[in-house]
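Remarks on the structure that follows.
A note on names: the letters A, B, ... follow the listed sequences, proteins ahead of strands, and every chain is numbered from 1. These values consider heavy atoms only, across backbone and side chains, with no hydrogens, waters or symmetry-generated copies.
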Amino acid sequence: MRLIYMGTPDFAVPPMEMLAQAGHEIIYAVTQPDAVRDRGKKVKFSPVKEKAIELGIPVLQPSKIRKNEEFAQLLREAAPDAAIVSAYGKILPAGILNIPKYGCLNIHGSLLPRFRGAAPIQAAIIAGDEETGVTIMHMDEGLDTGDMVAKAATPIGSKTCEELHDELAEMGAKLITETLEDIEGALRRAEKQDDALSTYAPMLSKADGHIDFSLSPEEIERRIRAFDPWPGSYTEMNGKTYKLWKAVALDQKTDAAAGTVVAAGKDGLDISAGGRILKVTQIQAPGKKRMETGDYLRGNVIEIGTVLR
RNA sequence: CGCGGGGUGGAGCAGUUGGUAGCUCGUCGGGCUCAUAACCCGGAGGCCGAAGGUUCAAGUCCUUCCCCCGCAA
């Protein structure tokens, strides 16, 4: 089929690659404009752009798509059968959605209608759900409200966001490729979302990573996993910011104030949280790499009674 | 050229005003012990990120480069 592919981050790379491999003709890869980012303030291409260049696919990077006649015209001239959208970063207006023959299909990282929005993978982990997955939907003008065309699920277990992300990206690639094998049948079987069951997963910010030790150890542990690798769960200790990357919730109760270090040993750092203990096993000091708490304590001292905030 | 921290035995850290490297842990051997992540004794293991330079002498000063990381985006 003749496809337009719209996506930006790593999550959107595997599907584009698999579709290209499956023999589809990707007329354009549409992605967000290059941005200044990273250390050194370098101009970085989006992962989708990098891959598109590698695959020899022409790249479009409109800064806005609403009321952008030039962009719309290019799409019309491409005469696509469908547009595949995955974490593109902008909501598409009706004028664009209607251009492809079969409309636009979106790959979303959750089991819709649960977790519509920008951070579905993280939200599923934080919520403590047993499983999550990917959903292919036939896009409409709303935010992740289109009819559902296909779904695949996977258990969350103790996976981090990064692990789930990579897994779901692959699942999404497979699912969209399969869907396109019989797109007419898939669209015929499309199922409406039950709005009553919908939840929203807002975009994360750096501040979301700040650890609130009044939460239960279990909740904090889930957030640590959800925010790995970004934005990272951090806390302030003795005036410096530390990131916590691995922890386990213990049943053991404590009277110590929330955030107090009650024990520091080779097996971890025990911190009071929500009346019980959160044992931190992997930590990162500023300017340092992630390391096991035991390793960190070999060359650094954390005194019992230190309070994290 | 956005700001900043760092690269030292397997791991984490020290290393003073430059004078041939130290701590904690691990590891190996031995001892003590009912026993132990305990304790005691002993040993192995380091081209101090790379390349130049200054110097009688550099981990420690200067230059260039490589790599890792935090902030900010």
Item to check | Pairs meeting criterion side chain to side chain donor-acceptor pair (under 3.5 Å) with involvement of residues 226-235 of chain A, two or more places apart | outcome: A:D228-A:R290
Kindly give the atom pairs (protein nitrogen or oxygen, nucleotide nitrogen or oxygen) under 3.5 Å for nucleotides 3-10 of chain B.
residue	atom	partner	partner atom	Å
B:G5	N2	A:G287	O	3.1

Report the distance from atom [atom1] of [X] to atom [atom2] of [N], rounded to the nearest whole Å.
X      : N     : atom1 : atom2 : answer
A:K41  : B:C71 : NZ    : P     : 18 Å
A:K289 : B:A11 : NZ    : C1'   : 12 Å
A:D267 : B:A37 : CG    : C1'   : 10 Å
A:Y296 : B:A11 : OH    : P     : 18 Å

Between [X] and [Y], does any side-chain N to carboxylate O distance fall below 4.0 Å?
X      : Y      : answer
A:D182 : A:R188 : no
A:R76  : A:E69  : yes
A:R276 : A:E218 : yes

Next on the checklist: At 4.0 Å (heavy atoms only), tell me whether A:D38 reaches a base, stays on the sugar-phosphate, or touches nothing.
Outcome noted: base
Checklist entry - How is A:K44 classified with respect to the nucleic acid when contacts are heavy atoms under 4.0 Å: base, sugar-phosphate, or nothing? => result nothing
Watson-Crick or G-U wobble partner for [N], using a 3.5 Å limit on both distances?
N     : answer
B:C39 : B:G31
B:A58 : none
B:A11 : B:U24
B:C65 : B:G49
B:G70 : B:C3

Next on the checklist: Other members of the hydrophobic cluster containing A:I27, with the 4.5 Å side-chain heavy-atom rule, please.
Outcome noted: A:I4, A:M6, A:Y28, A:V30, A:L60, A:I65, A:F71, A:L74, A:L75, A:V85, A:Y88, A:L92, A:I96, A:L97, A:I99, A:M139
Checklist entry - Mind checking who shares a hydrophobic cluster with A:I91, ILVMFWY linked at side-chain heavy-atom distances under 4.5 Å? => result A:L143, A:Y200
Can you give each donor-acceptor pair under 3.5 Å made by side-chain atoms of residues 237-252 of chain A, sequence neighbours left out, with the distance rounded to 0.1 Å?
residue	atom	partner	partner atom	Å
A:Y242	OH	A:Y296	OH	3.0
A:W245	NE1	A:Q284	OE1	2.8

How far, in whole Å, is [M] from [N] if one measures between their [atom1] atoms?
N     : M     : atom1 : result
B:C13 : B:A73 : C1'   : 32 Å
B:C67 : B:U20 : P     : 34 Å
B:G49 : B:A44 : C1'   : 25 Å
B:G30 : B:G22 : P     : 27 Å
B:C62 : B:U16 : P     : 14 Å
B:U60 : B:C68 : P     : 23 Å
B:A11 : B:C48 : P     : 16 Å
B:U55 : B:G18 : P     : 16 Å

Checklist entry - From B:G70, B:G2, B:G12, pick the nucleotide closest to the side chain of A:Q284? => result B:G70
Checklist outcome for this item: Per the under-4.0 Å heavy-atom filter, residues of residues 224-254 of chain A near RNA chain B come out as A:K243
Next on the checklist: Quick check: on RNA chain B, is the nucleotide nearest A:L297 upstream (toward 5') of the one nearest A:K42, or the reverse? Name the residue that is more 5'.
Outcome noted: A:K42
Next on the checklist: Pick the closest RNA chain B nucleotide for A:K266 and for A:R290 by heavy atoms, then say which residue is nearer the 5' end.
Outcome noted: A:K266
Under 3.5 Å, sequence neighbours excluded: what are the donor-acceptor pairs made by side chains of residues 202-212 of chain A?
residue	atom	partner	partner atom	Å
A:S205	OG	A:A207	N	3.3
A:D208	OD2	A:S205	N	2.6
A:D212	OD1	A:S214	N	2.9
A:D212	OD1	A:S214	OG	2.7
A:D212	OD2	A:S214	OG	3.1

Which atom pairs, donor and acceptor, lie under 3.5 Å between side-chain atoms of residues 125-134 of chain A and protein residues at least two apart or in another chain?
residue	atom	partner	partner atom	Å
A:D129	OD1	A:R114	NH2	3.0
A:D129	OD2	A:R114	NE	2.8
A:D129	OD2	A:R114	NH2	3.4

Next on the checklist: Looking only at side-chain N and O atoms, does A:S46 offer a donor or acceptor that is under 3.5 Å from a partner on A:T31?
Outcome noted: yes
Checklist entry - For A:K174, which residues count as a side-chain contact (heavy atoms from CB on, under 4.5 Å) partner, sequence neighbours excluded? => result A:M18, A:E178
